[in-house]
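One structure is given here, and the rest of the page talks about it.
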Amino acid sequence: MSASDPKFMHLRAVLAAAEPLGARVALGVPRLDGTLCGGLMRGGLHEVFAAPSHEAAAAGFVAGLTVRLGGPLLWIRQDYAGLEFGELAATGLLELGLDPSRLVLLRVPDAASALRAAADALTCAALGAVVIELTGAPKLLDLVAYRRLALAAGAGGVTVFLLRLAAESSGIGGAETRWLLRAAPSEEGEDWGRPVFDVELQRNRHGPAGHWTLEWSCDDGVFRPADRGAVVLASADRPSQAAMAAASAA
Amino acid sequence: MRLTAVDRQAAALGLAPGMALASARAMVPALKVMAANEPADQRLLEKIADWCDGFTPFVALDPPDGLLLDVTGATHLFGGEQAMLDRLRADLKRQGFTVAGALAGTALAARALARYRRGAVVPLGADSDAVAPLPVAALGLDPISVHAFRRAGLKTIGQVAHRGRAELTARFGAGMVFALDTAMGRAEVPISPRRPLPDYRAECRYAEPVTAAETMLATIKLLAERLAKNLEERGEGARALRAVFFRADGSVRRIAVETGAPTREPAIIERLFREKLDALADPVDPGFGFDLIRLEAERTEPCQVEAATLGNDESRAKEIRFLVDRLAARFGAHRVLSLQPRDTHIPENAFAAVPAQYAEPMRQHWQRTRTAHEAPRRPLRLLSPEPVSLLAGDTVRLRWRHVVHKIRRMEGPERIAMEWWHAPIDQQGAPDRDYFRAEDEEGRRFWLYREHGIRWFLHGVFA
């Protein structure tokens, strides 16, 4: 399937008419961007789960997304997260191509404070993105909390990421997209070790789900397909998604 | 043991401070004695001084039991000198204190009058007449000098003042003559207030105490508007502000906020106090209400003209600063951090998270470790080094946090010297480290180092 496929174009038009899509930021991988109707929705709520012991990969993926979005960044972490999963290293961000000067780091004592701070930050339209790093499944994070974050993000035009560590990627969620991240082996060769992610798009309000292996290009600040080929999985929980999947199979 | 203080009843029975406890007990067998607690007395005096801040910001302690208030320019707010003194005494009496007060041209004269002629209000220039009939002890001199005066037959301040100055200086020293001069109103010693006086302050007094939180915030905004006007005239903005809430029952609460850049916009100031008040673990309790709210700019800095013509970048930067201030007011400045580079190769010291509000403009630039097109050389997540075991075999196995990772690839070493001239004290003499990048079967990328060629540590995880 290519973006010029008439069926695809038609479906996209239908979807676009059904609901305003908002501004999109292309991630750099055409098939992924196609699935996302042009890219990651700016001013939306995106939830990124880390597979067990793949926390660094999830953080790296989110860092990459914020580079794509641009603008100043607020990263909210709980106090003990540094001990458990490691401090967010400025030197490491720099290697990934994210200028650490763009970052404001907020340490909060608990999940309630994290959500409270995010709600405040989302009113600051000068921000490019807010990352809320949460460990486990706090009770506070119910549908109402999701809705609140999504509305605040939409109103201010600030993109918000829920980075979920040590949590099951199932159950409720009111996010625009939901991802499950793990690290993938890097390419063969002398200079191995570039960030390669196994990216599973589990939920997508405006399109089908999917599964890709992506590489983050630290120099250019875009995602690239890793050389493993991509599979788009059908997801039948929404009619429009089923249609989209059928279109992609055609 | 001796008596340090007696109440009125005991005084009527002939007891006095300084008397031995045994003789006091002999005189009054039913005497009730309590151990003196000087620190508690001191704290109480401080509290009263806090409360007196509501009358004038110039309050000085005169231990053990006195307070000096400079009310110059404040009396008209209370309807004159007499009315102010009456109100102060009445309010303190209501709180259960016994008060002796007087108002005079100099602090020492007022102090002497308060102790020996309560309630006196001395008109301007009449200090010497008012003080003259008081006993010499009222000068607050050491007991030896007082005793010497008595032996010389000089009983009142007036009698002392009649002696020649040269004679007095020769006999009692210059200090005594100076004390005499101040008491007589001939010389003046400025009192040193307990707190440094803020450059800018505005206050709002309520006839009827207010209790509603919204009224408190509205008051702060109103005061901020007044401060803003003064600040603007001098081209300054506030970096630190303090709101002081005076409760009708005498307790005083101070709440401070700070900003990352000079600010004088009332809306911003109000918002910062709103965040701060909302987040207090120990909320401001209005009790029966506040009768005075004051806003002070503690620290100010020159600040450029706030024009509507700010550039796009500039106004965005300002919005971010405001967000940082808000978050700092709510969570504390130490929790809102920005990252800054440090000039060292020691990985855990190569950057620092500093409070964003106080962050100086960076003197250094960020420098990547990797060259173009290379994979990252520094991990995204940095742990405090955790001992791990590395088992060699067909495949290298890394055991970390009770999980064994099969290492598929490994590269190194990159030697990092522990620069002794940069290392903190606790890392002095630490051995050099040989760093390795490693990747396991599932693609997790680790950053490991070896010390002394044998001990392995895991220091970080790459994205």
Side-chain angles (χ1 to χ4, degrees), chain A residues 51 53-61 63-64 71-72 74 76 79 82-97 99-101 103-109 113 116-117 120-121 123-127 182-186 188 191-198 216 218-219, chain B residues 275 279 315-320 322-324 326-327 330-331 334-341 347-348 350-353 356 362 366-370 372-384 401 403 405 408-409 411 437 439-447 459-463:
Chain A
S53 83
H54 286 268
E55 291 83 13
F61 180 66
L74 177 71
I76 305 171
D79 281 334
L83 285 174
E84 195 162 357
F85 304 113
E87 291 297 344
L88 207 55
T91 41
L93 290 168
L94 191 68
E95 298 280 274
L96 292 178
D99 178 5
S101 323
L103 184 78
V104 176
L105 199 63
L106 176 67
R107 287 204 191 120
V108 291
S113 307
R116 177 71 186 69
D120 186 1
T123 62
C124 177
L127 278 178
R182 28 176 92 247
S186 55
E188 303 292 334
D191 187 43
W192 57 275
R194 288 198 182 79
V196 182
F197 306 111
D198 175 271
W216 171 250
C218 305
D219 291 300
Chain B
E275 292 289 331
S315 72
R316 283 175 67 132
K318 203 176 133 198
E319 262 188 75
I320 299 288
F322 180 31
L323 173 66
V324 166
R326 271 185 343 244
L327 294 173
R330 174 169 285 272
F331 298 104
H334 62 291
R335 290 183 169 279
V336 193
L337 307 165
S338 66
L339 298 169
Q340 297 209 325
E348 59 268 42
F351 65 96
M362 283 186 293
W366 292 106
Q367 273 186 336
R368 281 195 321 214
T369 313
R370 68 183 177 90
H373 308 298
E374 234 181 9
R377 294 288 181 246
R378 292 289 176 269
L380 177 61
R381 292 199 178 249
L382 205 57
L383 294 150
S384 51
R401 292 186 180 179
V403 180
H405 300 273
R408 209 164 62 98
R409 271 187 294 213
E411 191 204 73
R437 293 187 299 136
E439 184 176 298
D440 77 354
E441 281 182 325
E442 290 185 58
R444 278 175 289 235
R445 286 166 279 273
F446 303 104
W447 205 38
H459 201 177
V461 188
F462 291 92

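Letters A, B, ... mirror the listed sequences (proteins, then strands); counts begin at 1.
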Ignoring hydrogens, what is the shortest heavy-atom contact between [X] and [Y]? Give both atom names and the distance.
X      : Y      : value
A:A126 : B:E319 : N-OE1, 3.5 Å
B:A463 : A:G60  : CB-CA, 3.7 Å
A:C218 : B:P376 : SG-CG, 3.9 Å
A:F85  : B:R381 : O-CD, 3.0 Å
B:V461 : A:A56  : CG1-CB, 3.5 Å

Under a 4.5 Å heavy-atom cut-off, does chain A meet the side chain of [X], its backbone, both or neither?
X      : result
B:V403 : neither
B:R401 : side chain
B:F331 : side chain
B:Q340 : neither

Could you tell me if the side chain of [Y] sits less than 4.5 Å from the side chain of [X], heavy atoms only?
X      : Y      : value
B:L339 : A:L88  : no
B:R330 : A:S113 : no
B:F322 : A:C124 : no

Against chain A, work out which of [options] has the most heavy-atom pairs shorter than 4.5 Å and name it.
options                        : value
B:T369, B:L383, B:L380         : B:L380
B:L382, B:V336, B:V324, B:D440 : B:L382
B:R368, B:R370, B:R378, B:R326 : B:R370

Report task. May I ask you to check whether over 12 heavy atoms, not counting those of A:R107, lie within 6.0 Å of atom CZ? Result ->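 Count not over threshold, so no.
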
Output yes when a side-chain donor or acceptor of [X] lies under 3.5 Å from a complementary backbone atom of [Y], and no otherwise.
X      : Y      : value
A:R194 : B:A375 : no
A:D219 : B:H373 : yes
B:R445 : A:A183 : no

Who wins among [options] for the most heavy-atom pairs under 4.5 Å with chain B?
options                : value
A:S101, A:P100, A:P195 : A:P100
A:L74, A:L83, A:V108   : A:V108
A:A117, A:A57, A:A58   : A:A117
A:G71, A:G64, A:P109   : A:P109

Query raised in the report: So how far is it from A:T123 OG1 to B:L323 CG, rounded to the nearest 0.5 Å?
Result: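 A:T123 OG1 to B:L323 CG: 7.0 Å, rounded to 0.5 Å.
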
Query raised in the report: Roughly how far, to the nearest 0.5 Å, is CH2 of A:W192 from CZ of B:R437?
Result: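 So the CZ of B:R437 and the CH2 of A:W192 are separated by 4.5 Å.
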
Which region of [X], side chain (C-beta onward) or backbone (N, CA, C, O), has a non-hydrogen atom less than 4.5 Å from a non-hydrogen atom of chain B, or is it both or neither?
X      : value
A:I76  : neither
A:F197 : side chain
A:D79  : side chain

Query raised in the report: Does the distance from a Lys or Arg side-chain N to an Asp or Glu carboxylate O, for A:E188 and B:R409, drop under 4.0 Å?
Result: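 Yes, this pair counts.
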
